[in-house]
Amino acid sequence: MKKKSNQRGLTSLNKLPAYDHKKIEAKWQKYWEYKKSFQAKDQQGEASLKKFYALIEFPYPSGEGLHVGHIRSNTAMDIIARKRRAEGYNVLYPIGWDAFGLPTENYAIKTGIQPAVVTKKNTDIFRRQLKALGFSFDWSREINTTDPAYYKWTQWIFLQFFKKGLAYKKKMTINWCPVDLIGLANEEVIDGKCERCGNPVEKREKEQWMLAITKYAERLDKDLDTVDFLERIKTQQRNWIGKSEGAELTFKIKAGTNSDKQIKVFTTRPDTLFGVTYVVLAPEHPLVKEFLPTIENKEEVEKYIANVKKETDIERTDAGKEKTGVELKGVKAVNPANNEEVPVWIADYVLADYGTGAVMAVPAHDERDWEFAKKYGLAIKKVILHEILQNIPSDYRGRAGNRDVIVISDCFTGDGKMINSGKFDGKNSEAIKKEITTSVGGKWVTTFKLRDWIFSRQRYWGEPIPVVHCELHGIVPVPEKDLPVKLPKVKNYKPTETGESPLATISKWVNTKCPQCKGPARRETDTMPNWAGSSWYYLRYADPKNKKAFADPKNLKYWTQVDWYNGGMEHTTLHLLYSRFWHKFLFDLGLVPTSEPYQKRTSHGLILAQGGEKMSKSKGNVINPDGIVETVGADSLRLYEMFMGPFDQPIAWDTNNIAGVRRFIERVWKLREKVVQGRTLDLKLQKIIHKAIKKVSDDIEAMRFNTAVSALMITLNELEKFEIIDSEQYGTFIQLLAPFAPHVAEELWASLGNKTAIHTASWPVYDPALAADFEATIMVQINGKVRGSFVAPMNLSKEELEKRARTLPESAKWLEGKEVKKVIVIPNKLVNIVLVDNNLAVR
RNA sequence: GCCCGGGUGGUGAAAUUGGUAUACACGCAAGACUUAAAAUUUUGUAGCCGAAAGGCUGUGUGGGUUCGAUUCCCACCCCGGGCACCA
C-alpha cells in the first residue's frame with residue numbers, strides 16, 4: 001500500500017498532543033463567541049446575499065434542564081445551518097425561550113419564588129448547556145416571550161385581532177377542578193377526573209376570549225398544498241381542520257297543530273335521503289327548548305338533558321360508550337324527498353357544535369344510526385345496494401367469486417346502486433349526491449371540525465390580555481402607546497376560588513381608567529395561553545430589538561419565510577396550526593410578505609429512556625447532558641445523537657453506544673499522524689474522499705444523519721489503510737465532519753496550517769468522475785441463487801458479462817449437463833442463468 | 001374504529017431504481033501488548049448441518065407476481081404516534 005513516488009517533496013506536520021475534548025471545546029466556543037462567527041447579517045436591497053433561515057422550536061426552559069431530545073433537533077438543524085454557511089448562504093439560526101407556562105407557575109405556587117426569577121434561573125442553565133454543545137446559534141438575537149419588550153408585541157397582535165373582530169368574548173362551559181381551583185382544557189380531563197389531583201371535574205359557565213381561527217379554516221387547509229411539510233404532518237393538519245363537504249337539507253316540522261319550524265341537517269350522504277327513518281337533534285339544540293311545551297313526554301326529555309349535561313365531553317364522546325337518546329313524542333319531521341313523516345329524537349351521539357347540530361338518521365347505511373335504531377327499535381330502510389350484492393340473495397354469507405370474501409352486514413356504508421328512491425332508482429349513489437340535494441332545495445356546503453380557539457387562561461404566568469372593561473363603553477382596548485400591559489408582582493400565584501386569575505386580587509392593578517372616557521374601569525385579568533408567544537416568535541428573530549414594530553418590514557422581507565423548520569411531532573398540530581393562522585392574519589394586514597410562515601417542516605423522533613419508556617423526572621430515567629459533555633465531550637454527544645438511528649423515528653437512549661463515536665473521533669485525531677503537507681494526487685485516495693463528499697452531502701439534505709455518520713466511519717476505515725494521507729484530502733474529510741463535530745474539526749483544520757476557521761471554508765464539491773466506480777462486482781446467480789462473483793470494468797457489454805459468468809469456475813459445476821433456458825444480465829450488477837430443470841422441483 | 005409510522009442478528013440499525021440481506025456501530029469471544037488491569041490493537045461473530053470445501057434455511061405471519069422480493073400486490077398479527085360518535 002506504500003506510495004513511495006508520492007512522498008517526494010512532502011513535509012510532515014507537527015505532532016499533536018493527545019485529544020483533549022475539554023480544552024478544545026472550550027477554546028473554540030470562546031473563539032466563535034469572540035469572532036461573532038454565527039451572527040446573521042440583515043441585508044436588504046439588490047446586493048443582498050442569498051439567505052437561509054433555519055429554525056428549531058425554541059425551548060421551554062424547564063427546571064429539569066436541557067433534554068437530550070432538544071440536542072437531537074438542535075444538532076440536526078445545526079448541521080444544516082453549518083453546511084449552508086459553507087455553501088455561501090447568509091444563515092439565520094436563532095434561539096430564544098418560550099418561557100410562559102404552567103410548570104414555572106406551579107413551582108412559584110409551591111415555593112413563593114416569583115416566576116420571573118425562576119425563569120431567569122432556568123434560562124441561564126439552558127443557555128450555558130446549549131453553548132456547551134457548540135450550536136451555531138446567533139445569540140445576539142436571543143428572545144424571551146416573558147420579556148415585556150417581547151410580549152408588548154404579542155399583545156399588540158392580539159389588539160389587531162380584536163380590532164378586526166377576530167378576538168371576541170363568549171360564554172361557554174369549561175371543566176373546573178374544585179380542588180385545584182383551575183379551569184381545565186379538555187385534554188387535561190381524564191375519565192372525568194382532574195389530570196393533576198384525580199378529583200371529579202365540574203362544569204362551569206364562564207366568559208372566555210376566543211380567536212376566530214375558523215375564519216381561516218379553508219385557507220389553512222388549502223395552503224398546505226403550497227408548502228413542503230412531511231406528508232404525515234400535512235395529514236395531521238388536515239385531520240385536525242377536518243374539512244368535509246356535504247349537503248345541508250331542511251326538514252319541515254309537525255309539532256302539535258300547524259308548526260312553521262324547520263330542522264336543518266348536515267349530511268355527507270344526501271344520496272341516502274330516501275332511507276331516513278328518524279331525525280336526531282343534539283340535546284343542546286336550540287329547537288329542543290321550543291318544542292318542549294308541545295311534546296307529550298316533557299319530563300322524560302328534561303331529565304335526559306339534565307343527565308347529558310352532567311357528563312364531561314370526554315365521557316360523552318367516548319366512542320366505546322353506548323349511545324343513548326329519547327324521542328320527542330308528538331314532534332315529526334317531514335322528509336323533503338318523499339314527504340314521509342319520521343320521529344324526532346334527541347341523542348348524545350349528535351354533537352351540538354358540528355354541522356347544524358342535527359342529523360338525518362339512515363340506519364341502513366350509517367353504523368351509528370344502525371346501532372341506535374337497533375337499540376330503540378326504530379325502522380331501517382335500505383336504499384343503496386352494493387354492486388357485487390345486486391344479484392345475490394340478501395341472506396347469503398361467505399365466498400363470492402374466487403378472491404373476495406364479502407360478509408354481508410345489514411348496515412352498508414359504501415356506494416352502490418340506488419333502490420327505493422323514487423326517480424333515482426338504479427342510479428349510482430355517488431354520482432347523484434349533488435343532484436338529489438338540489439332536487440329537495442338543499443345547499444352544498446363545507447364544514448370543518450376545527451373550532452374557534454379558546455384564548456384565555458385564568459392564570460398568572462402569561463401575557464395579560466390588553467383590554468379594560470369600562471362601565472360605559474364595555475370592552476375597550478388598551479391604546480397601543482400604553483403597551484405593554486405589564487404583569488404586576490403578586491404575593492400569591494394560586495388561582496382564586498371564583499375561577500379568576502390571581503391578577504384579580506391586585507385591586508391597584510385591576511382598577512384603572514377607561515382610555516376613552518377616563519371613567520372607572522377594570523382591567524381584564526385573564527392571560528393568554530402559552531401558545532400565544534410561540535405563534536409569531538420566528539418573526540421577531542428578524543429584528544429582535546425593534547421598539548417601533550414587531551419587526552421592520554425590510555427585515556421581514558429579507559428573512560421570511562422560514563426555509564426549514566424542525567421540531568417535535570407533538571407540535572405539528574396545534575402550534576403549527578396556530579402560528580400559520582397568526583401569520584396569515586398578519587399577511588392579510590400587509591405586515592408580513594408571505595402567506596405561509598414555514599416553507600419546509602420536518603420532525604424528529606422522540607428520544608426514549610433506556611428500555612423504551614418515556615423519560616420523566618418521576619421515573620428518574622432522565623439523561624443529563626452535562627455529565628456526558630464533561631466525560632466524552634460535546635462532539636461525541638452530537639455525533640452519537642445523529643448516529644443513534646433514523647432521525648424521524650423514536651429511539652431509546654443507550655449510553656454504552658457513545659463509546660463508539662468517541663473512539664471514532666479519537667481515531668480521526670490519530671489519523672492526523674499520517675498526514676503530510678500538500679497533494680499526492682493518489683487516485684484511490686481521491687476516490688474515497690469524493691465518494692464521501694457525495695454521500696455525506698446527500699444524506700445531510702435528506703436528514704439521513706445516521707448513514708452520514710456511518711459513511712464518515714467507513715471513510716475513516718478506508719483512510720486508515722493508507723501509509724500517507726495528504727493534507728488536502730484529510731482537510732476535506734475534516735470539513736465533512738465539521739457540521740457534526742465542529743470543535744474537533746476546527747482544531748484539526750487549524751493544525752493543518754489553515755489560517756481561517758473551518759466554518760468559513762466552502763463546502764467541498766465532488767467530482768462525479770472521481771466519485772464513480774471504475775469497476776463493478778458482478779454477481780453470478782444460477783436459478784436466482786448467488787453462486788459466485790467476478791470483478792469487471794464498468795459498463796462492460798451484456799454479451800461479455802454473460803460469457804464471463806458462464807466460464808466462471810463456480811458456475812461450471814452447476815451448469816454441467818444442464819440446458820440453459822434463459823440468461824438475465826443486468827449491467828454492472830449481476831448475471832442470472834436460468835436452467836431448464838427437470839430434476840429439481842420448481843420452487 | 002379511522003389515519004400515519006414501524007416490525008431485519010444478542011443490541012441500535014443499513015440496503016438510495018425489484019438485483020450480493022445484515023453495511024456502520026455496540027456487545028460478546030479468542031489472540032497480541034501488559035507483572036496485571038484499563039486503554040489500544042488483530043481476528044471472529046444470523047441460524048442449522050459439516051473436519052473442511054461447501055450446502056440448506058433466513059428480513060412479523062400466510063399467500064401472490066417475478067429469472068430474482070426486506071423492497072411490489074392481497075389478507076392478517078404485533079408495536080409506536082395522532083384523531084376519535086365529525087353525520
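Note on naming: letters A, B, ... go to the chains in the order of the sequence lines (proteins, then strands), and numbering restarts at 1 for each one.
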Taken in chain and number order and not counting sequence neighbours, the residues that satisfy ring pair (Phe, Tyr, Trp, His ring centres under 6.0 Å) with A:F664 are none
- [ ] Provide the distance between the two C1' atoms, one in B:U8 and one in B:A23, to the nearest whole Å.
- [x] 13 Å
Quiz prompt | Ion pair A:K670/A:E666, N-O distance below 4.0 Å | solution = no
- Message: Just so I know, are the side chains of A:L249 and A:V440 near enough to count as touching, which here means a heavy-atom distance under 4.5 Å?
- Response: yes
Hits for ring pair (Phe, Tyr, Trp, His ring centres under 6.0 Å) against A:Y578, two or more places apart or cross-chain, chain-then-number order -> A:W453, A:W531
inquiry  = Between A:Y349 and A:F372, is the ring centroid distance below 6.0 Å?
reply    = yes
Rounded to whole Å, the NZ-P distance (A:K721 to B:U42) equals 11 Å
Whole-Å distance, A:D698 CG to B:U17 P, equals 12 Å
When you check the phosphate oxygens OP1 and OP2 of B:G27, does a side-chain N or O of A:R663 lie under 4.0 Å from one of them? yes
Of the candidates B:G19, B:A13, B:A87, the side chain of A:I826 sits closest to B:G19
Separation of B:A39 atom P from A:R662 atom CZ, nearest Å, is 13 Å
Would you say A:K785 reaches B:U57's phosphate, i.e. side-chain N/O to OP1/OP2 under 4.0 Å? yes
Atom NZ of A:K821 and atom P of B:U66 are separated, to the nearest Å, by 11 Å
Taking every heavy atom of A:V362 against every heavy atom of A:G275, the minimum-distance pair comes out as CG1-O, 3.6 Å
Whole-Å distance, A:I233 CD1 to B:G82 P, equals 14 Å
Between CG of A:L830 and P of B:A21 the distance, given in whole Å, is 10 Å
| request: Would you classify A:S789 as touching base, sugar-phosphate or nothing, given that sugar-phosphate means primed atoms plus P, OP1 and OP2, and contacts are heavy atoms under 4.0 Å? | output: nothing
Checklist entry - Aromatic rings A:Y640 and A:W653: how do their planes relate, parallel, tilted or perpendicular, breaks at 30° and 60°? => result perpendicular
| query | Does one side chain, of A:T447 or A:Y354, offer a donor that lies under 3.5 Å from an acceptor on the other? | reply | yes
Taking atom P in both B:C83 and B:A15, what distance in whole Å separates the two? 30 Å
On the nucleotide B:C85, are OP1 or OP2 found under 4.0 Å from the side-chain N or O atoms that A:K323 carries? no
Side-chain contact check for A:Q236: nearest option of B:U16, B:G82, B:A87 is B:G82
Under 4.0 Å between any heavy atoms, over every strand shown, what does A:N717 touch: base, sugar-phosphate, or nothing? Just pick one. sugar-phosphate
The Watson-Crick or G-U wobble partner of B:U35, with both key distances under 3.5 Å, is none
The glycosidic conformation of B:G50, counting syn as within 90° of 0 and anti otherwise, is anti
To the nearest angstrom, the CD1-P distance between A:I782 and B:G55 comes to 11 Å
Separation of B:C83 atom C1' from A:I241 atom CD1, nearest Å, is 14 Å
*Under 4.0 angstrom between A:Y354 side-chain N/O and B:A87 OP1 or OP2*: yes
Table of protein N/O atoms under 3.5 Å from nucleotides 3-12 of chain B N/O atoms:
unit_1: B:G12; atom_1: O2'; unit_2: A:M644; atom_2: O; d: 2.5

Taking a pair to mean Watson-Crick or G-U wobble geometry with both distances below 3.5 Å, B:A46 pairs with B:U57
Residues A:A792 and A:L796: closest non-hydrogen pair is CB-CD2, 4.0 Å
Whichever of A:D699 and A:I824 has the more 5' nearest nucleotide on RNA chain B, that residue is A:D699
So the side chain to side chain donor-acceptor pair (under 3.5 Å) pairs with at least one residue in residues 787-796 of chain A (sequence neighbours excluded) are A:N795-A:N828
Worksheet item: Would you say A:S710's side chain and A:N706's backbone share a donor-acceptor pair under 3.5 angstrom?
Response: no
Scanning all shown strands, the Watson-Crick or wobble mate of B:G80 with both distances under 3.5 Å is B:C4
Within the 4.0 Å heavy-atom criterion, would you say A:V359 contacts the bases, only the backbone, or no part of the nucleic acid? base
Remember a base hit wins even if backbone is also touched, and classify A:R787 as base, sugar-phosphate or nothing at under 4.0 Å, heavy atoms. sugar-phosphate
Assign each of A:G242 and A:V834 the nucleotide of RNA chain B bearing its closest heavy atom; nearer the 5' end lies the nucleotide of A:V834
How would you label the contact of A:K829 with the nucleic acid (heavy atoms, under 4.0 Å): base, sugar-phosphate, or nothing? sugar-phosphate
Per the under-4.0 Å heavy-atom filter, residues of residues 701-714 of chain A near RNA chain B come out as A:N706, A:T707, A:S710, A:M713, A:I714
The nucleotide from B:A21, B:A87, B:G19 with an atom nearest the side chain of A:V786 is B:A21
Across all chains, not counting sequence neighbours, the salt bridge (charged side-chain N to carboxylate O under 4.0 Å, His left out) partners of A:E720 are A:R667
Next on the checklist: Could you tell me how far B:C79 sits from B:A25 if I compare only their P atoms? Round to whole Å.
Outcome noted: 34 Å
